[in-house]
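Residue numbers run from 1 in the order of the sequence given.
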Amino acid sequence: MDKNKIINKLKEEIKNKYDETRTAVSKKIFRGHSRCISTDIEDAIARFISKILSEYKIFLDPSISIEGTIYRPDLLVINQENEVVAFMEIKARMGYCRDATKALDKMLKYDKIFENKETLTCKFSDKKTKDKTVMYPKNKVKLFFVSLSSNNCSNHKNNNDYARDKDEHKLISYFTLFKGVYDDLKNVDKDLKNISIDKFYEEIKQL
């Protein structure tokens with residue numbers, strides 16, 4: 001499957017999930033607001049990544065216990081050597097003027113804790129899925145902060161500048177994948193800095 005087909009499939013999947021949230025529960029049950037589809041979007045992005053890196057494993061929302069504290073990264077990408085190569089925070093909706101600095105700092109905190117631990121045991125809520133142990137190599141895990149659309153936040157530029165300020169901390173690749181709303185997501189100019197599903201695709205491909 002080529003890049004454009006994979007990208008279009010991602011948009012189609014998110015549109016279909018959004019349309020489902022607007023379907024009446026029954027003739028006599030009415031929902032005032034669409035249900036949250038953030039986990040559906042995480043699933044869709046995980047499938048998108050898996051199509052690009054078909055030999056890699058992806059852990060969605062695993063529970064990692066370290067010294068009595070539970071950490072739950074949104075998404076981890078694991079290579080064939082059982083090493084984490086990417087750690088992602090995914091935002092289906094940022095909210096108007098959302099300041100992401102706290103979320104970005106939290107990612108960096110988790111990254112440092114995981115590096116110091118070196119070996120992570122990931123647990124899953126599905127009892128059929130056994131615990132999985134992976135390596136978290138120091139200074140080798142790529143960090144991604146992924147916002148689905150540029151439409152619902154006016155603060156993306158400041159967030160992106162903060163994420164990529166190498167004088168302050170480890171770089172985080174900050175992406176806004178599309179513009180538009182769930183049922184009408186559109187690609188943007190691939191030359192725009194980090195506001196491009198195309199550039200996200202290319203960075204994933206390089207993992």
Practice prompt. For Ser38 and Ala92, work out which heavy atoms get closest and say how close.
Written response: CA-CB, 3.9 Å
Discussion item. In the structure I gave you, are the side-chain heavy atoms of Ile41 and Ile45 within less than 4.5 Å of one another anywhere?
Written reply: yes
Worksheet item: Checking side-chain contact (heavy atoms from CB on, under 4.5 Å) for the pair Phe178/Thr176: CA distance, chi angles, key distance, verdict?
Response: CA-CA 6 Å; Phe178 302 104; Thr176 49; over 6 Å; no
Worksheet item: Just by distance, with hydrogens left out, do Tyr174 and Asn159 show a side-chain donor and acceptor under 3.5 Å apart?
Response: yes
Practice prompt. Could you walk me through whether Cys122 and Val134 pass side-chain contact (heavy atoms from CB on, under 4.5 Å), step by step?
Written response: CA-CA 8 Å; Cys122 300; Val134 296; 4.3 Å; yes
Worksheet item: Regarding Asn82 and Lys57, is there a side-chain donor-to-acceptor distance under 3.5 Å anywhere?
Response: yes
Worksheet entry | Modelled atom types, side-chain donor and acceptor of Lys132 and Thr121, under 3.5 Å | no
Worksheet item: So how far is it from Tyr56 OH to Leu76 CG, rounded to the nearest 0.5 Å?
Response: 14.5 Å
Practice prompt. Check Phe200 against Phe175 and note the closest heavy-atom contact, atom names and distance.
Written response: N-CE2, 3.5 Å
Discussion item. Show the nearest heavy-atom pair for residues Phe87 and Pro73, with the distance to one decimal.
Written reply: CE1-CB, 3.4 Å
Discussion item. Any non-hydrogen side-chain atom of Ser173 less than 4.5 Å from a side-chain atom of Glu203?
Written reply: yes
Discussion item. I need the minimum non-hydrogen distance between Ile90 and Leu75, along with the two atoms involved.
Written reply: CD1-CD1, 4.0 Å
Worksheet item: Leu207 and Lys142: side-chain contact (heavy atoms from CB on, under 4.5 Å), yes or no, with the steps?
Response: CA-CA 8 Å; Leu207 290 174; Lys142 184 139 181 106; 4.0 Å; yes
Worksheet item: Taking all non-hydrogen atoms of both residues, which atom of Thr21 and which atom of Tyr18 are closest, and how far apart?
Response: OG1-O, 2.6 Å
Practice prompt. Scan side-chain atoms only and decide if Asn187 and Lys11 contain a donor-acceptor pair under the 3.5 Å cut-off.
Written response: yes
Worksheet item: Can you list the steps and then say if Phe59 with Phe124 is a ring-ring contact (aromatic ring centres under 6.0 Å, His included)?
Response: CA-CA 9 Å; Phe59 295 173; Phe124 305 87; 5.3 Å; yes
Worksheet entry | Salt-bridge contact Lys15-Asp19 (side-chain N to carboxylate O under 4.0 Å) | yes
Worksheet item: What is the minimum heavy-atom distance between Pro137 and Val84, and which atoms define it?
Response: CD-O, 3.6 Å
Discussion item. If I take atom CD from residue Glu81 and atom CG from residue Asn79, how far apart are they, to the nearest 0.5 angstrom?
Written reply: 4.5 Å
Worksheet item: Below 4.5 Å, heavy atoms only, C-beta onward: do Glu42 and Asp74 meet side chain to side chain?
Response: yes
Worksheet item: Where the side chain of Asp184 meets the backbone of Gly180, is there a donor-acceptor pair that is under 3.5 Å apart?
Response: no
Fill in: Approximate separation, where rounding is to 0.5 Å, of Leu60 CG and Thr39 OG1
9.5 Å
Fill in: Residues Asp111, Lys109: salt bridge by 4.0 Å N-O rule
no
Worksheet item: Should we say atom CZ of Arg47 is surrounded by more than 12 heavy atoms from elsewhere, each under 6.0 Å from it?
Response: yes
Item to complete: For the residue pair Asp99 and Asn158, establish whether any side-chain heavy-atom pair is separated by less than 4.5 Å.
Response: no
Fill in: Lys117 with Glu115: basic N within carboxylate O range, under 4.0 Å
no
Worksheet item: What is the distance from atom CG of Leu185 to atom OG of Ser150, rounded to the nearest 0.5 Å?
Response: 10.0 Å
Item to complete: Measure the shortest side-chain to side-chain distance between Leu108 and Leu143 over non-hydrogen atoms and say whether it is less than 4.5 angstrom.
Response: yes
Item to complete: Answer yes or no: does atom NZ of Lys179 have more than 12 heavy-atom neighbours from other residues, nucleotides or ligands under 6.0 Å?
Response: no
Worksheet, complete the sentence: Output for pair (Phe114 CZ, Tyr136 OH), nearest 0.5 Å, gives 6.5 Å
Worksheet entry | Glu83 vs Lys140, salt bridge (Lys or Arg N to Asp or Glu O under 4.0 Å): CA-CA, chis, key distance, verdict | CA-CA 9 Å; Glu83 298 174 326; Lys140 290 185 178 180; 5.6 Å; no
Item to complete: Salt-bridge test for Lys205 and Glu202: reply yes if a basic N is under 4.0 Å from a carboxylate O, no otherwise.
Response: no
Worksheet entry | Member of Asp40, Val181, Leu148 meeting the side-chain contact (heavy atoms from CB on, under 4.5 Å) criterion with Ile14 | Leu148
Worksheet item: What distance separates Ser65 OG from Asp131 CG, expressed to the nearest 0.5 Å?
Response: 10.5 Å
Discussion item. Just so I know, are the side chains of Asn116 and Lys112 near enough to count as touching, which here means a heavy-atom distance under 4.5 Å?
Written reply: yes
Worksheet item: So do the side chains of Ile172 and Phe144 get within less than 4.5 Å of each other, counting heavy atoms only?
Response: no
Worksheet item: Do Lys5 and Asp2 have side-chain heavy atoms sitting under 4.5 Å apart?
Response: yes
Worksheet item: Are Met135 and Ile64 co-members of a hydrophobic cluster defined by side-chain heavy atoms under 4.5 Å apart?
Response: no
Worksheet item: Could you go step by step and tell me if Ile66 and Leu120 meet the side-chain contact (heavy atoms from CB on, under 4.5 Å) rule?
Response: CA-CA 8 Å; Ile66 300 175; Leu120 307 180; 4.2 Å; yes
